[in-house]
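The next block holds one structure in the form of structure tokens; read it before the comments.
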Amino acid sequence: MIVADLHIHSRYSRATARDLDPEHLWIAAQRKGIDLLGSGDFTHPAWFAELSEKLVETGDGAYVLRPDLQGALAGQVPAPCRREVRFLLSAEISSIYKRGGKTRKVHSLILMPDLASVARLNQRLGRLGNIVSDGRPILGLDAKDLLELCLEVEPSVIFIPAHIWTPWFSLFGSKSGFDAIEECFGELTPHIHALETGLSSDPPMNWRLSALDRFTLVSHSDAHSPAKLAREADLLTCPPTYADLAAALAGPAEAGFHGTLEFFPDEGKYHLDGHRKCGVRLTPAETREHGGRCPVCGKPLTVGVLNRVEELADRPEGSKPARLRHFESLIPLPELIGEVMRQGPATKGVSQALEALLERLGPELHILREAPLEDLQSVGGPILGEALRRMRQGQVITEGGYDGEFGKVHLFSNEEHAELKGQKGFWKLAPKAGARSRAKAGPAARPKASPPAAPLLSALDPAREGLNPEQALAADYRGGHLIVRAGPGSGKTRLLVQRAVGLLREGAAAEEILLITFTRKAAGELGQRLAEAWPQGRQPLTATFHALGRRIISQAREGANGGDMAIVEDEKRQALLKRIAAQAEWKPSDLELAISRHKQTLDQEPPSDLAPWLALYQEALAGEGLLDLDDLVREACLALRSDAELARSWRERFRHVLVDEYQDVNQAQVELLKALTGPRTQVAAIGDPDQAIYGFRGADRSFFARFARDFAGAAEFGLQQNYRSNGPILAAAQGLLEADPDPSRRPLLPLRPEGPLPSLIALASPEAEAQWVAARIAELIGGMDSRQVEGRAGENPGEYAPRDIAVLYRLHALAPALQKALQKAGVPVQVAGRTPLEETDPLDFKAQRVSLLTMHAAKGLEWPVVFVVGLEEGLLPYLPPGKPPSPASEERRLLFVALTRARERLYLSRAARRSLFGETRQPGPSPFLTQIPEGLLKIEKPRARRPRASQLGLFK
DNA sequence: TTGTACGCGCTTTTT
DNA sequence: GCGCGTACAA
């Protein structure tokens, strides 16, 4: 029989002991009596390097400490404890992701047969996320995708869902888990053969779920220090090799998996329910009596493992499956000695006593499990003997752990302890009636929890079929042209889709309907939503302005000489601009801008200073039959103007033209629209002039206001209902806009009025700001380490997944500090537009991360939590040194766009010192901040720095 | 053709 | 503060 502890950590994981290195593990394993030990943390590059250096392969998938190191250390192992310690390569990965609208946090234990396969896996994982900052990395990768990746890298991988019952980070966790294994792993479930049951549950609890019958239930220590090794462990009868372990886990008991060594589950940190902050500990039955809420603070209780097991159980307490494996419940020897000596387990006296026992009797597990009581009595005294006798018989007194607080397991009652003082003959006492056996009478199986109340939004959820009244008015209007002023989060895309569907339903042909967007992405999404809403029959054309122009030009040329047409590639165009600019003694960027602006006006005559250079540019393109992107719209307009037949065919083609983001059109685009508009055409434009932020690229929001003049008789509509942001977020965003009065603006009405006030904080430096953001995000995600989860009762830590969060800034230049701080905190992060495609893993698009992006890039997107950073003088509005700034109103709208990306929580920040382009300044707050009316922002102060918590804080 | 020193200038972004 | 482009040397 061998003892295996396969889930441990190295010193590279958070909150772990500094001496967690191969040498100390080798010593500690022998003192404990472990034959087969997980390496832990193989994903961490430094630990991987250390393992590669200090371990040598046995050839059967196991590794041993290098013989020279063994020789140097042998003296530190008590003689009766010495044994061969083999290592298997193991790691734990934390997957934090969104599935089915719920944040999931699942930890997985992974074993690999050799360093080469680990290296392959690490390479893949390194591309998907940050495996450098923590030995237990956090990936925004669905646990199922992680399993798939592991199988792809190494088919013989052993993949074990870790400590499956802990509330915060596990497969069945009450906070962020699933109700069934299949729910998590889908069709890959057959690749899972074992489940790790964790400290807070033991086999009898797990036997109550018939769904677990086919799995091997394993137990490991999840140690964060050498002293905690083998708190729980596996008992194997197979040889200590990788392949034999894999076969044992996959097969019946005879295959080599004998059973487990267990904690008394009551001692686990999450056995019962409760609130640590409120000092409330409840049994599952008591929790039900209180309706799941804390009797002190009224907030939801942290539901423990016992409760969760009862929730999912389909058998009564005490049931046993047909096939079950052996288990033993143990108390760690230092704790047991501590009780006998009436001292803490980490005191010097206990250590000395432990040392003496190890020297005389052998490893800790041998002492706990097998050593004859007489030997124990003779070496450790009669009381120790009695303590071990009681433990082996399960006669213990328990106080269940709850909400992160370890439980307590005692062997003697208080009365006994009192009696014991000064008495020598204690071992003769029979256990008191008060010392209950750990088999407790429990409540009957609990009915399944009722499903959560229907979400508040369901009645008006924009994802559903129906339109709200103001949307319906605009969607159903058939009286001619119309323009819709649609604020952020008002269901704009939905209105477009439903208008198109309504037209189709009334009998309009798909060919008569055209939808126009600015980006291919928007066109793709609109097309997809339309296909979902109107799956029957042909689809209307959904195109960008440029794609539309291209079609028109193609048709014009077919009719004429059929000249070849292609779009100039950017590289070529830049080279051309550079060449001409040099000749003109202009800056290439100025030339580019001037050409573009001219083409957008549709004027025939360019400004005289531009004319010769424009002519050179156009000749160069025409010589190769090329057009640039502005030409696509311009040339289409000109073709329609000069070719009456062409114009007629296009004007008659569409009865309905729907245009998205109308605040972003330029003159050429408006002209193109007009040229497509015949007497029977209805143009429906939708947009929001308060979100016009692309003036610098030629967009002119004034076309929005004059739509009714460009398209005669147009009706005006407005969408005020906001589905996205809660009341306080909308109030702050609209308060800001008040500084730019507009009589045609209507207030936005939040569907969800309640929520926390947006907050504003000033930090000393960009680094401090980045660290603050990282710390806040770590709290919101919860799960960087347990302390963060347990630390802030009432803040709902762990409510969010990485992909629920975005950090927005004015300039890309702010991204590096943020990225660095977030990576250091172990938060999975992606910086928009900054990942080269060739480095992207095929699974990359599935990885879920915190997004870092510019306020511009955030337009059209939304997140439950948004941080807006760098709200400083000179940065917002941005005042480029030596250049004319954008109009302040456009920059204000940019902030408005940023604020209205947030659904639930909004955090604003600034730094009192900022270095930008080599210059360090001490900027005051952005003037826009003072334009947000007082009382709509909560002013926060940086928390005073507390001294770093001790490395061992996790286990007290 | 390649190495290196120097100086300039620095948003936001789509097709 | 740094990257990129240009100028000039080898």
Side-chain angles (χ1 to χ4, degrees), chain A residues 516-524 542-553 565-575 577-579 581-582 587-590 592-593 595-597 599-600 626-636 660-661 663-666 668-669 672 691-700 766-767 808-817 832-834 852-861 868 870 872 874-898 913-921:
Chain A
I516 306 178
T517 64
F518 278 84
T519 66
R520 288 190 292 218
K521 188 174 164 223
T542 304
T544 64
F545 272 109
H546 292 91
L548 180 66
R550 185 175 194 161
R551 280 170 181 252
I552 293 168
I553 296 167
M565 184 195 56
I567 314 299
V568 63
E569 293 197 4
D570 194 56
E571 210 169 306
K572 186 169 207 165
R573 179 162 165 272
Q574 291 303 328
L577 285 166
K578 198 172 141 186
R579 205 185 74 213
K587 280 198 290 179
S589 58
D590 288 346
E592 179 183 25
L593 191 69
I595 292 175
S596 178
R597 286 301 153 85
K599 291 186 175 179
Q600 288 175 1
L626 295 172
L627 293 179
D628 72 11
L629 288 156
D630 288 311
D631 286 332
L632 292 179
V633 177
R634 178 188 177 85
E635 296 298 323
D660 197 7
E661 306 279 19
Q663 76 284 351
D664 286 338
V665 293
N666 60 39
Q669 288 159 338
L672 181 60
Q691 294 182 71
I693 56 173
Y694 284 113
F696 67 90
R697 69 175 197 215
D700 185 349
E767 293 69 34
L808 311 184
Y809 36 76
R810 179 63 178 83
L811 306 181
H812 283 300
L814 302 214
R834 286 289 186 268
L852 266 54
L853 65 169
T854 63
M855 300 185 200
H856 282 94
K859 185 153 175 260
L861 305 175
V868 186
E872 294 142 30
L875 253 184
L876 197 75
Y878 180 59
L879 306 174
K883 285 206 149 191
S886 303
S889 56
E890 176 143 325
E891 297 272 316
R892 186 184 294 104
R893 289 193 294 271
L894 185 57
L895 180 56
F896 174 74
V897 167
R913 170 165 57 76
R914 175 82 57 188
S915 299
L916 207 57
F917 309 130
E919 198 193 357
T920 302
R921 284 183 296 176

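Lettering of chains follows the sequences in order, A, B, ..., and the numbering in each one begins at 1.
- Counting non-hydrogen atoms under 4.0 angstrom, Ala813(A) reaches nothing in the nucleic acid.
- The shortest distance between side-chain heavy atoms of Ile693(A) and Met855(A) does not fall below 4.5 Å.
- Screening Val665(A), Asp660(A), Thr544(A) against Phe518(A) for a side-chain contact (heavy atoms from CB on, under 4.5 Å) leaves a single residue, Val665(A).
- The separation between Asp628(A) atom CG and dT14(B) atom P is 17 Å, rounded to whole Å.
- Counting non-hydrogen atoms under 4.0 angstrom, Lys578(A) reaches the backbone sugars and phosphates but no base.
- Applying the 4.0 Å criterion to OP1 and OP2 of dT13(B), one finds that Thr519(A) has every side-chain N and O outside that range.
- At least one donor-acceptor pair closer than 3.5 Å links the side chain of Asp628(A) to the backbone N or O of Asp631(A).
- Spacing between atom NZ of Lys521(A) and atom P of dT13(B) amounts to 13 Å, rounded to whole angstrom units.
- Rounded to whole Å, atom C1' of dT12(B) lies 12 Å from atom CG of Leu814(A).
- Looking only at side-chain heavy atoms (C-beta outward), Leu632(A) and Phe545(A) stay at 4.5 Å or farther from each other.
- What separates CZ of Phe545(A) from P of dT15(B) is a distance of 13 Å, to the nearest Å.
- Aromatic ring orientation, Phe696(A) versus His856(A): perpendicular (interplanar angle above 60°, classes split at 30° and 60°).
- For the pair Leu811(A) and Thr854(A), the minimum side-chain heavy-atom distance is 4.5 Å or more.
- Heavy-atom contacts of chain A under 4.0 Å fall on DNA chain C between two terminal nucleotides, which in 5' to 3' order are dG1(C) to dT6(C).
- The side-chain heavy atoms of Lys572(A) and Leu626(A), taken from C-beta on, include a pair separated by under 4.5 Å.
- The same atom, P, is picked in dC2(C) and in dT13(B); the two are 22 Å apart, to the nearest Å.
- Here the P atom of nucleotide dT13(B) and the CD atom of Glu592(A) are 15 Å apart, to the nearest Å.
- Distance CZ (Arg697(A)) to P (dT14(B)): 7 Å, rounded to an integer number of Å.
- The shortest side-chain heavy-atom distance between Lys599(A) and Ile595(A) falls under the 4.5 Å cut-off.
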Detail all sub-3.5 Å separations between protein N/O atoms and N/O atoms belonging to nucleotides 5-11 of chain B.
{"residue": "dT11(B)", "atom": "O2", "partner": "Arg810(A)", "partner atom": "NH1", "Å": "3.2"}
{"residue": "dT11(B)", "atom": "O2", "partner": "Arg810(A)", "partner atom": "NH2", "Å": "2.4"}

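- We find that CG of Asn666(A) is positioned 18 Å from P of dT13(B), with the value rounded to whole Å.
- Rounded to an integer number of Å, the gap from CZ of Phe518(A) to P of dT14(B) is 13 Å.
- Glu661(A) has a carboxylate O that lies under 4.0 Å from a charged side-chain N of Lys859(A), or vice versa, which qualifies the two as a salt bridge.
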